[in-house]
Every structure is written in structure tokens, then in C-alpha cells.
Amino acid sequence: MKLQPVTSQLYIVNGALQDGTEVPGLLAQAAPAKSARGRSHDTLFIHLSLGGDASTTSSLAQDLLEAVALRFFATPGSVTAALRGAILAANELLLRLNMSGTGPAREGAVSCAVLRGQELFLVQAGVSYALIGRNFGVERLPARLPNRTAPLGRSAGLDLRYFHNWLEPGDMLLLADESVTDIPSETMKPVLVDTTVEDSLPHLVDIVGDRSASVLLIEFADETTIDLPDTATGLKVHETPAPPSRSPRPAATPRPKTGPAQGAGPARTAGPTQGAQPAAGPGTAGSAGARSSFDLPSAVQVEDTARRAGAQTARGLSRATGWLADLMHRLRPPNPRRQSEETGGWTFPLLAAILIPILLAVIVGGAYIQRGRVTRFSELRRDMQTSLMLATESASAEEQLAHYMQVLRLAAAAEGLRPGNDEVNRMRGQALEALDRLEDVTRLQARQLYEYSEDIRLGGIVLREGLNGDLYTLDRANNSIYVHETEEDYTTFVSEEPERIIFDAQVIGTHIVGPLVDMAWRPRGVQVTADGLVVLDSRGALLSYRPTFADLRAVPLGLASEWLEPVAIAQFNERLYVLDRGAGQLWRYFPESDGFYVDEAQRTLSLPDLKQAVDAAIYSEDASVIVLYGDGRVRRYGQDSLLWDETTLYQNGLDTPLVAPTRIKIIGRGLNSSVFIADPGSGRIVQLSLGGTFLAQWKAVEPRTGEELFAQMSDFDVADSPLRIFVTAGNRLYVAAQP
């Protein structure tokens, strides 16, 4: 569906309507003739506000508007990326002007909306404000203004807010400055719900009262436009007939003059075009909107869907009936005398008499079942939309969390009825995005690097340190180790297929490979002569693979006869530590050339409760040990004393406890090191400082299914500068990074 934007502008200074005055900072423009690839169907709406007297900032506002429009329509690719680049370009322009000292410093806010198809994309910076009116109420974007946000023109870094909505004909968008942000959404209902641009303006004037405000109001209509004569401004305006259900505007009602923002081609207007902004480029305003994010399906829609299901069933019934008629015609000859002479002629009529009621019952029952499934799916979708709306209106974070979790539960039920439905996936994504904001989660963009055969189950991953790249994976199902030769970025594969370097029952010297437990990268040192991958074999050996020489060795480990359940290895100062959960010990091995020896006085590193530990990591600077437990506990020990535990983490910013953590790794060198914990139970990776302070938590979506990727991970490794998290899940290898 192609929606037509109907634009109107309102400019009030201290309660006085500025009729016939150019409105600063507003622009609506369709794509120019020569726009970048992907921009030809976009219509751009901008609301820009600058601090200070409008008479002194109008020229600057116009320059910034043109900068945003030119940059947006010249940028190919996704809408959000183009909007981000355009806003950052305007911010750079304003920041450079402020730093030049040629005039007073100016700060501002901007809302940029793009209409494409039935989608509305909105990006905000600074204290900006938007409302979307739908048939069920008003949605405020953002639901609550952040406590602190960087204004336009103050710094190179901006806190951008992204929104995505689907619109229906009759929905309305209002973009305004911060002077009206305190007006309740309920007060704005007469302006935005079940109305038109023409009828909304008197209400809006009354609501603004004696304030100062500049407002861009947009109605999204699907009506066919008809041409009207040129207006006095020289712009050709197009008028569309109003829907029959809407009452005409009373002629005696005074209202401000409005018009389409310049550059918006065939759009119906609310009156004579006064106060329009100069266009940043030619074009027409045929552009799109989007289905409401809380669009409640009407009874007519449900009934129409159910009727469609019934009609499909009826067609199936007619085909089945025709088949039965044809069967009877073939089985029963047309000559009565001949049929009476046949023996057993009653068999086929009897068979048909039995089959026809059964087939009819199956078909009719199928129709009712199908109709019931359609109705149930519509109910679930409606409940999801209602929960989303309630979440945006909730005042407390706890209530919002409950409503968004309800959306996820309803989405799971809807997925069982109609898998892969775009509307359900969109609302699920909206709930996940909101939950990320509530829980302070940073969302990464994941992509699949490689998919192994179905019989492989990955359980480990290690990145080769240094500038050479290479990536190693552990296949627990087949007890094998694979290496992917890569470039320095670890994502560009040199060869299409991985090489298997270790496999089950392989003979390495005098050792036969047994069940593989864990692996790590071991850098060269005083005793270690070459870098390489080390793998713990539960049969009592450490397997070492040196990629430079393609050399594979097996080094025996003492005390292996006392192992009960080794689960992980850790390293410090060339020493090797084996976490034995069964024995509740951390066995210690000292380096000797490329092998190890056991000091009987220091056989183990004794720490409490290791029988419930799942992994351990040792800090290279002070030999402190961080132990991760399966029940969510995390504890750092140094010099036989507890430095901090999970309680410290909760006091230092970690709001959501770890649910079922599996792996812990210290990434980085020296004071730049930080702790990463994999917690599939909560579908995230948590980053902590070595001092026990929460730094960040990361999530990513599986690119094919849309499910939480980290909820499926078996192991991970991290490459920093820039941050990339490599994950194994099932038989697939992924990388997740910031978009």
C-alpha cells in the first residue's frame, strides 16, 4: 500500500499564531530525481529546533535542514544508516560553527522521519519529541525522555534514538520541540486519533495555549490524489477527497493556514500553502507509511480472515465432491439393465454411502479447525499489541518488564500457529529491543561464518593470538579439533574448508587420543619455545599443535591417575592448571622445557567449593583466580583470600543475576584486561572489570531464526579493537559485532 503524506505546519510564539510566517526548522521532501540507490521511494520529514531567538537562528536552521536532506538522499543503503549519517553530518557542521567562535554557541535537537512503503523510520537526537496517533490511542516517542542526552552541536558523540513503526491509513505523526513535551498523551488524542489534519489544527492551537511551539503534523492517507490549480506560491497542490466517514470542516471555524512542507509532491494539504520551507531538492511525495506497532485488528479483519479460510475449505469441498461424482460415474455404468445383471453391484454404492459422510465430516471439521486457528492467531496478535501499548504507558520499569515478557510469551504461542509471521516477528523484536534498554543490554549484529555437517556438535573455540589469524574449534560429538586458516581479522577464510588436525584414537607418538576436554592458546615464553594450541586429553596428556611447523605432540601430565572429572584448563606464567570438578581440585603443573613437572608441595591450588565450579581463569599480573560456578556465583581469590564475589557485582551495576553460566575468560593484557562470562541461561555475555564492576552485557540474534544466539552458545572467544565475539552453537560458527 502506498500512503500519501498530508502535511501541515503550526508556528506559535508566546501564544500568538504566526499566520503567513515562514516556519523555521521544518522540512518535508520526497526523493529528488537523482537520489542514491535505495532512496527513490523515501519521503523525508525533519523537525529541527535550535536554542535562542528564532529570528537569529532561522538561516542556520535552514542550512542544517539542507545538510541533512542532501546527505540522506545521497547515501545508499539502509534507511537508519542514511539517517544516522545525515544527522551526524549536521551535528559536525553545527559543532564546527560553535567551535569557530564567530557567534554565539547554538545547541539543538532534531527528529528525522522517513516514510517508505508502509514503514515509518524515526531517528532522534537531543530533546526531541514525536507522537503517533492511531485508532486506539497515542504512542509517545520516546515513551519518556532520557534523564541526560547530548544536544546537537555540543560534542561529536550523539545519543541517537531509533524507532520503527508500521502505519495504517488515517494514522498521524506529530513532530514538535521540547516546549510541548510535558503535554499528556491523553490530551493529544483529539489532535491525532480519528481525525484529519484540517480538523486537528484548532484543537492543537488550544492545547499549545500561550506557549511557543513549532509543529509538523502529518496524516498518512491512501486516497487517490486529484490535481488542483496552482496556488499563489507557484507550487502545484494536489487535493484528495475526504473519506465518507469524516465530517466536513465547518466553514465558520477559524483555523491557522497550513500547507505541505516544500518538496512534498502529490500530497493533500489542509489549506493554502503558507509558511512552507524551501525544498532541498525536487520530487514528489508519494511515499509510504507503516502498520502501527500496536495496531489492534478489527472484528472486520478477523471476520474477513476467517471467511477466507472458510472459502478455501469450501473450494476443497467442491473439488472433493466433484471427485466423488466422477468416481460414481465411472463405477456405475449408465445402462440400468446392465447394472442389474452385474453381481455385487451394491458394493460401490454402499462404499460411497460410507465414504461421503466421512469425507464431508473431515472437510467441514477442517474448516472449523482452520477458522479456529485463524481466530486464535488474531487474538494472540491483538494481545501482543495491547501488551506493547500497556508497556509504553507504564510508569515503572517492573510493569514494563512484565508487559514485554508477556509479549514474548504470546509470540511463542503465535509462532506455533503460524511460524515465521512478519507481524509477530516485528512485535517480538520490538519487545526484545525494549527489554534491552530496560536491562542495559548492548545488542550485537551476528552473522554465520561457517556451518559444519549435521553430525558435528561444537563445544569449544580458540583464536590464535598475534597477527596471523586462524581459528580453532572443538567437535565434541566426534572428538576432533579443526583449524580454519584466516586473515588477521579472523573472519576472512583463506581456505573454504577447515582442516582436521586432531581426531579420536589418533596416535601421537606413544599416546592414543582420548576424550578431549578443553583447549587454549599457549604463547611462547622462557620454557615454551613456540606458540601453539594446547588441548587437554582426559587420558592424562596435553596435546600441543604448533601451526608454524604443523607439529603435533603429546606431553604426559603427572597426577592424571587422580583425576576424577577434569572440565577446564587455565594458565599463568607458563604454568598449567587443570580444574577437576570431580575431585574438587585445581591441579597445578610447572613448566619444564616443553613439558611439565609436579611439585609435591604445591600439587593443587586449594579453593572452596570447586565441585560446583564450571570454569576458572587466572589473571596474569597477580595470579588471582576467578572461579565461575554453575549456579551463577562468581568469585575472585587472591593470596588465599576472597577479593570479591557475586554480591559485589550486584552492588556495582549488575542488575540481572547470572542464570546458568558456562565459560569465563580474561581478555586483554595488564590493566586493560576485563572478564567475559558466557551465560546461556539469560542469553547474554557479561563483561566485568577485574575489580568486580559491571561494564556491559551483550546479546545477539541468530540471523536465520531470530532467536537469541547466546542462549544456544557452547563456547566463545573475544577479539578486541574492535570488539568481535566468536561463538559456537550446534554445528555453526558465528561472529557478533557492533553494527
Q.
Ser495 vs Glu485, test: side chain to side chain donor-acceptor pair (under 3.5 Å). Steps then yes/no.
A. CA-CA 6 Å; Ser495 56; Glu485 294 185 12; 5.1 Å; no
Q. Can you check side-chain contact (heavy atoms from CB on, under 4.5 Å) on Met384 and Gln406, steps first, answer last?
A. CA-CA 8 Å; Met384 290 177 67; Gln406 176 67 5; over 6 Å; no
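With Leu658 as the fixed residue, the side-chain contact (heavy atoms from CB on, under 4.5 Å) test singles out one of Arg633, Glu646, Arg684: Arg684.
Judged by distance alone, with hydrogens and angles left aside, the side-chain atoms of Gln571 form a donor-acceptor pair with the main-chain N or O of Trp521 at under 3.5 Å. Checked by atom type and distance alone, the side chain of Glu592 never pairs as donor or acceptor with a backbone atom of Gly595 at under 3.5 Å. Distance alone, capped at 3.5 Å, is enough to place a donor-acceptor pair between the Ser714 side chain and the Thr728 backbone. The backbone N or O of Gly582 lies less than 3.5 Å from no partner atom in the side chain of Trp563, so there is not a single donor-acceptor pair. Counting only distance, with no hydrogens or angles, the side chain of Asp655 and the backbone of Tyr650 share no donor-acceptor pair below 3.5 Å. Put simply, the side chain of Arg500 never gets that close to the backbone of Ser480: no donor and acceptor are under 3.5 Å apart. The main-chain N or O of Val659 is found under 3.5 Å from a side-chain atom of Asp679 such that the two form a donor-acceptor pair. Judged by distance alone, with hydrogens and angles left aside, the side-chain atoms of Arg636 form no donor-acceptor pair with the main-chain N or O of Asp645 at under 3.5 Å. Judged by distance alone, the side chain of Gln527 and the main-chain N or O of Glu574 form no donor-acceptor pair under 3.5 Å. Between the Thr486 side chain and the Asp470 main chain, a donor and an acceptor come within less than 3.5 Å of each other.
Side-chain contact of Thr548 with Arg546: a donor-acceptor pair under 3.5 Å is absent, judged by distance alone. In this structure, a donor-acceptor pair under 3.5 Å is present between the side chains of Asn478 and Asp475. Gln430 and Tyr404 form no side-chain donor-acceptor contact under 3.5 Å, judged by distance and modelled atom types alone.
In this structure, Phe121 and His164 have tilted ring planes: the angle between them lies in the 30° to 60° band. Between Tyr472 and Tyr545, the angle of the ring planes goes over 60°, which puts this pair in the perpendicular group of the 30/60° scheme.
Atom CD1 in Ile461 sits 10.5 Å away from atom OH in Tyr490 (nearest 0.5 Å). If you take CZ on Phe590 and CG on Asn573, they are separated by 10.0 Å, rounding to the nearest 0.5 Å. A distance of 4.5 Å separates CZ in Arg581 from CD in Glu565, rounded to the nearest 0.5 Å.
Across all their heavy atoms, Ala616 and Ala570 have their closest contact at O-CB, 3.8 Å. Across all their heavy atoms, Leu709 and Ala729 have their closest contact at CD1-CB, 4.4 Å.
A salt bridge links Glu708 with Arg443: the closest approach of a Lys/Arg side-chain nitrogen to an acidic carboxylate oxygen falls below 4.0 angstrom.
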